[in-house]
Amino acid sequence: MSQTKRLLIGIVILGGLAGLVLSVEMWRGAALAQSAGAEATLTPGAVPIYLQGQRVAAFEPADLERLPLANFVEPVENKTQEGWLLYDVLRLYLPEEALLADTQVRVISTSRGKSAELTWGEIADLKNMVMFDLSGRGTLKLVSLLDRLATRDQWVQDTDRIEVNVP
Amino acid sequence: MLKLRWPARPPSAGKSHRGETRWFTQRLVETSPLRAADPRTKLALALGASLAVMLPLPRLGLFLAGYVLLVAWARLLPEVGRHLWRARWVLGLLFVVDFWLVGPELALTISLRVALLTGVFALFFSTTTPRELGLALEALRLPYRYAFSLTLALASLSLLEEEWQAIREAQAARGVQPGRGLRELWRQAGDLVAFTVPAIVLTTRRAWNATEAAYARGFDSPHRRPYQSLRLSRLDYALLGVCGAGLAVLFWGGRFLP
Amino acid sequence: MTEALRLDAVSFRYPRDGLGVGPVSLALPAGEALLLAEASGGGKSTLARLACGLIPHLYHGELRGEALLFGQPISRQPLWAISERAGLVFQNPAMQMLTTSVEDEIIFGLENLGLSPAEVRRRLEAALQCLGLEPLRQRGPQTLSGGEQQKLALACALARRPDLLVLDEPLSMLDSTAARDLVGHLRELQAAGQTLLICEHRREFLADLPGLRTARLANGGAARPTAPAPDPGSAAGPLAAAEAFSLTVQSLTARRGGRAILRDLEFTLAAGQLVAVLGRNGTGKTTLLRALAGLQPAEGRLAVQSAAGETAPRFSLVFQNPDLQLFQASVRAEILFRLPQPDLAWYEWLLNHLGLKRYEEAPPLLLSEGEKRRVALATALMRQAPHGVLLDEPSLGQDAHHKAVLLRTLRQLTHAGRLVIMATHDLELAAQADMLLVLGANGLVAHGRPAELMAEAALWPRAGLWLPDWAWPAAETRPC
Amino acid sequence: MTRPAWSGYFSTFQLILLALFSALIVVAKIVLRTPLQLPGHTGIFWMAIMLVATRVVPRRGAASVVGVTSGIMAAFLGAGDFGALNTFLSYTAVGVGVDLAMLLLPNMENLPQAALVGALGHTGKFLVKWVIGVVAQAPVGFLALGLARSIAGYIVFGALGGVLGALTLLALRRAGYFAYLAEKK
């Protein structure tokens, strides 16, 4: 290989490395700015809702007043859970066409590292009682009569994010 | 741009007595109880601790509390403090930028992570002598010749530093003074060569003298038997056990932790 | 009687320039001591390395003849096996230190013998005690004085209990007290039946080793020709005479790392003097030269007075280690480096006078140590600093012939009205000076003419210097 | 005691030489602090010594040995402002970067090749610092002078170091250094 060719390849590699770093950093910067901008609009205690990765709405605590209350008695400790159905919450913010039977809904607590995966079909089946209970600390916890959410361990306390993906 | 100034000595330089260089910030803390621990244990502790940067904030906080207790027990708070002090501007800047762009939680997390990475190896390096480092490297299956050359290099640092200073003076006495700005760039390059060539020659000479001196004292003998060998003591097992268990709980402790 | 070392017509040539040593024949019976003496740049170090197997095991080159160590051919034994029978102490003590503490330094060689830890401990303690190094056992070798380092090097070699101990110019970098101390240890070793092979210029110190035989390598030993005697006709060199001046030093104090190295020095020197600065290692001889050259920050007054008024002193400094400066492709380029209008007559005079003419186009790095020293001297003298020249240990590793050449060159400068100040532990050289400055641990102990200072018998112990009889050619002035 | 086969890859003298070159890098880094606080300015001497080392010990991997050794030493001595791990990794990256770059550009006495190897090796150091920043989720791009200027600094000073290395090698050859070296085993 000639010297010129070697030098050119070297320069291309060097430029490629610099370009890679700059573009990754630009992308990181943009992502950070976007999330910073998005988070900034949230009022304290609001739960952002993401549809296909994009934040489309935030579930404000004040909105709860517009929704009907629901309740059930959980069978393990025989305590009454009272709150708002996830069915009502999502219908309040998301368009009908996003809410298909196999739409995946993920309710997340980042601070506790917990989440629950549900389909719209399960949520829309009102006998499953998939609902949010307002805890004493003012945060939301997801409770349900569904088998995989039947016990306290399986509930999602301190919910702070909802992700919705339409297949 | 290529304007170099050659201070007579670096600002923090000083010599306690001839040849003993103190311009490095690391010091051996003889009073630390970690002096008695095996260097491999300390290396494992430091590496384990640097993994903790991956923990989420509440757990990172718990880890740091434990880490501070360990450092305090090892009487190394001033050493770790000195490292953090040197990084204070960067840590401050990181905190402010993150606070401004995102929020206090991220700002705190990032600052704590960087602080941890900055101070964590002081545990190892301020309680280990070059000889112990060599023994540890040997015990970690590095061939003796490599470990020896590393400890020799550490032993030669003060000599090389004196030579750098002497070259600077000797060349300055002949009018070699880098730092005249861009106009005489080529001449400046020549001036820099007047430093690097003697430095390379003297270093090579030192390397050759050391090679001869080592072979004259039986280096590479197949009969070599180390005078000291490393052995893990109860202290090592206790440290590894406590710190390993602590990290394991923090990483996999699941719902029992915040 | 067993022969420790036998060389039969042994010669060794380095590949670079074909120089080396031999052919040499000699026999050293076990239990005896032999001194190898010949001109500098010859083959003493080569022979010392040969006796310990470093040649041919670590050097490329052509070895001829037969070299036997205790009856075994050196070239056919592994180096580690040779090192168990022959120990070596090198010339430069700082350069042979390998570890970070005195103890580790001794232990290093003992580990290589495969001894049990208990035996290593026993031999370590014995070696420390024998050479009085116990108080220094935890110190870093690089923090010791030159004399202490050389004792440590001897301890490292002795602890391995070699049958033959080879010493390559062990005294050349030591002050007279340290040198006498080391020779004292050699005397004890000799009395205990240790076989010794010593290569040394400073033979005067070895005079009280009983039974020391001397072998000269002059015929066939030195392959490198020595510098020719200067042409007497050119002795009056082309250097123009300088205006008369005097150098005044008042309350000179210099510190390193907060510690005062020089304290309240006061003296006056006149142009045209050859001045020797004496003192033990670490008393600040080099620091004084650096202060005079403007390289060392110092408090006090340093001034040159002449008819034109008072100015700061302007001297050239010749450093102890020539390798600090040399980097050019030829001796000529090195000496004329960055001189816009060099005085070519002076250049030619220096080249001829210092015996460098034949190396004019050779790279300085490839010259012998003594020749490099002379190139470094020439580079400093070419600059013709107005007040003169400062020299740090100029006679290091130089034989009598080259010391004479050096002295004549320096006299040329003093005749032309320059001031020449040299720091040295070479008492023979110092005795030829016009003026002595004797430094002690607490500053200047005395200054005056050599003959006057010799008369003060109490002075030398105060300076910590041992003054042997032979150091002073004018022995009739000595009070005894 | 058995030795791994690779332990004889370098001769003892070569190993000691590489270790002392590493020490020289650490000393140069600390002694020759320039008042320029541009990112990567110490790379001039650093890269020069590194490049000389690869020619003085002409075996593949020499630069990596210098990188790792100087990394351990610098970490041991507490050099660098971001702790030992960062120091060790970034020194190592320079060595590995130079070795990799020399696969493409082997002639260190050729000024353009040496400059490019210097730039590539020094960029390796930048990459490590950057990756550590990314892993720790630190917004490196916002620090001090901005990312583009930092990269440019590393590339320029690395290249200058490469040029100084090549000039040093040429001067060493003219001064007979390699003839001196050749007589040692």
Side-chain angles (χ1 to χ4, degrees), chain B residues 8-9 13-22 129-131 148 151-152 154-159 162-163 166-167 169-176 187 190 193-198 201-202 205-206 208-229, chain C residues 49 52-54 57-58 79-81 83-84 87-88 90 92 94-101 104 107-117 120-121 140-145 156-157 160 256-259 282 290 293 295 297 316-317 319 321 323-327 337-338 365 379-380 383:
Chain B
R9 290 207 159 257
K15 297 203 163 195
S16 53
H17 41 106
R18 198 177 80 86
E20 190 193 345
T21 311
R22 289 199 289 114
T129 64
R131 181 180 166 82
F148 168 74
T151 47
L152 172 71
L154 280 166
S156 308
L157 274 169
S158 61
L159 203 71
E162 280 182 15
E163 281 174 354
I167 292 169
E169 287 182 357
Q171 298 296 15
R174 305 169 73 192
V176 180
R187 194 173 147 121
V193 169
F195 286 85
T196 47
V197 169
V201 170
L202 286 166
R205 207 165 283 263
R206 162 77 181 142
W208 182 247
N209 284 325
T211 308
E212 282 195 313
Y215 276 104
R217 282 190 254 156
F219 188 73
D220 252 2
S221 162
H223 306 309
R224 176 175 180 269
R225 179 172 169 181
Y227 173 60
Q228 280 174 310
S229 51
Chain C
R49 279 161 176 74
C52 299
L54 298 180
H57 290 284
L58 290 185
L79 190 46
W80 58 266
S83 75
E84 290 181 5
L88 178 59
F90 294 86
N92 186 337
M95 291 295 234
Q96 51 192 312
M97 300 298 151
L98 305 172
T99 65
T100 48
S101 82
D104 287 348
I107 289 170
F108 171 82
L110 297 177
E111 283 181 328
N112 293 333
L113 287 173
L115 301 173
S116 70
V120 169
R121 168 67 45 193
Q142 302 295 354
T143 70
L144 304 180
S145 73
C156 291
R160 286 170 57 82
R256 266 185 105 176
R259 192 168 73 91
R290 291 176 70 247
L295 294 170
S316 303
L317 174 57
F319 289 80
N321 185 351
D323 284 329
L324 296 173
Q325 289 186 321
L326 309 181
F327 73 106
F337 175 71
R338 214 164 273 180
L365 275 183
T379 61
R383 309 199 80 80

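The chains referred to below are lettered A, B, ... by the order of the sequence lines, with proteins before strands, and numbering in each begins at 1.
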Worksheet, complete the sentence: Under 4.5 Å to a heavy atom of chain B? For C:Leu58 that would be both

Response to the item:
Of all heavy-atom pairs linking B:Gly218 and C:Ser83, the shortest is CA-OG, 3.1 Å

Practice prompt. Give, for atom CZ of B:Arg225 and atom CG of C:Leu113, the distance between the pair rounded to the nearest 0.5 Å.
Written response: 12.5 Å

Practice prompt. Please look at C:Gln325 and chain B and tell me whether the side chain, the backbone, both or neither of the residue comes under 4.5 angstrom of a heavy atom of that chain.
Written response: both

Practice prompt. Verify, without hydrogens or angle tests, whether C:Asn112 (side chain) and B:Ser221 (backbone) share a donor-acceptor contact under 3.5 angstrom.
Written response: no

Discussion item. For the interface with chain B, which of C:Arg121, C:Gln96, C:Arg160 has the highest count of heavy-atom pairs at distances below 4.5 Å?
Written reply: C:Arg160

Worksheet item: chain B heavy atoms under 4.5 Å from C:Asn321: which part of the residue, side chain, backbone, both or neither?
Response: side chain

Worksheet item: How long is the span from the CD atom in B:Glu212 to the CZ atom in C:Phe90, to the nearest 0.5 Å?
Response: 5.0 Å

Fill in: Test salt bridge (Lys or Arg N to Asp or Glu O under 4.0 Å) applied to B:Arg131 - qualifying residues, sequence neighbours left out
C:Asp104, C:Glu111

Discussion item. Less than 4.5 Å to any heavy atom of chain B: does that hold for the side chain of C:Leu98, its backbone, both, or neither?
Written reply: both

Discussion item. Return the CG to CG distance between B:Asp220 and C:Leu79, rounded to the nearest 0.5 Å.
Written reply: 9.0 Å

Item to complete: Measure distances from C:Ser116 to the heavy atoms of chain B and classify the residue's part below 4.5 Å as side chain, backbone, both or neither.
Response: both

Worksheet item: Do B:Val201 and C:Leu365 have side-chain heavy atoms sitting under 4.5 Å apart?
Response: yes

Item to complete: Could you check if a side-chain atom of C:Leu54 sits within less than 4.5 angstrom of a side-chain atom of B:Tyr215, using non-hydrogen atoms only?
Response: yes

Fill in: C:Leu115, part contacting chain B, at a heavy-atom distance under 4.5 Å
backbone

Worksheet item: Closest approach of C:Leu88 and B:Ala216, non-hydrogen atoms and distance?
Response: CB-CB, 4.2 Å

Worksheet item: Would C:Gln142 and B:Glu162 satisfy side-chain contact (heavy atoms from CB on, under 4.5 Å), going step by step from the backbone distance to the final call?
Response: CA-CA 11 Å; C:Gln142 302 295 354; B:Glu162 280 182 15; over 6 Å; no

Fill in: B:Arg206 side chain vs C:Met95 backbone, donor-acceptor pair below 3.5 Å
yes

Item to complete: Anything under 30° is parallel, anything over 60° is perpendicular, the rest tilted; go ahead and classify B:His223 against C:Trp80.
Response: perpendicular

Discussion item. Can you tell me which portion of C:Thr99 sits under 4.5 Å from chain B's heavy atoms? Options are side chain, backbone, both or neither.
Written reply: backbone

Fill in: Taking every non-hydrogen atom, the tightest pair across B:Leu202 and C:Leu324
CD1-CD2, 3.5 Å

Worksheet entry | Side chain / backbone / both / neither for B:Phe148 at chain C, heavy atoms under 4.5 Å | side chain

Item to complete: Return the option, out of B:Ala213, B:Pro130, B:Ala210, B:Ser156, with the maximum number of heavy-atom pairs under 4.5 Å with chain C.
Response: B:Ala213

Discussion item. Looking at every non-hydrogen atom in both residues, tell me the closest pair between B:Ala194 and C:Phe327 and how far apart they are.
Written reply: CB-CZ, 3.5 Å

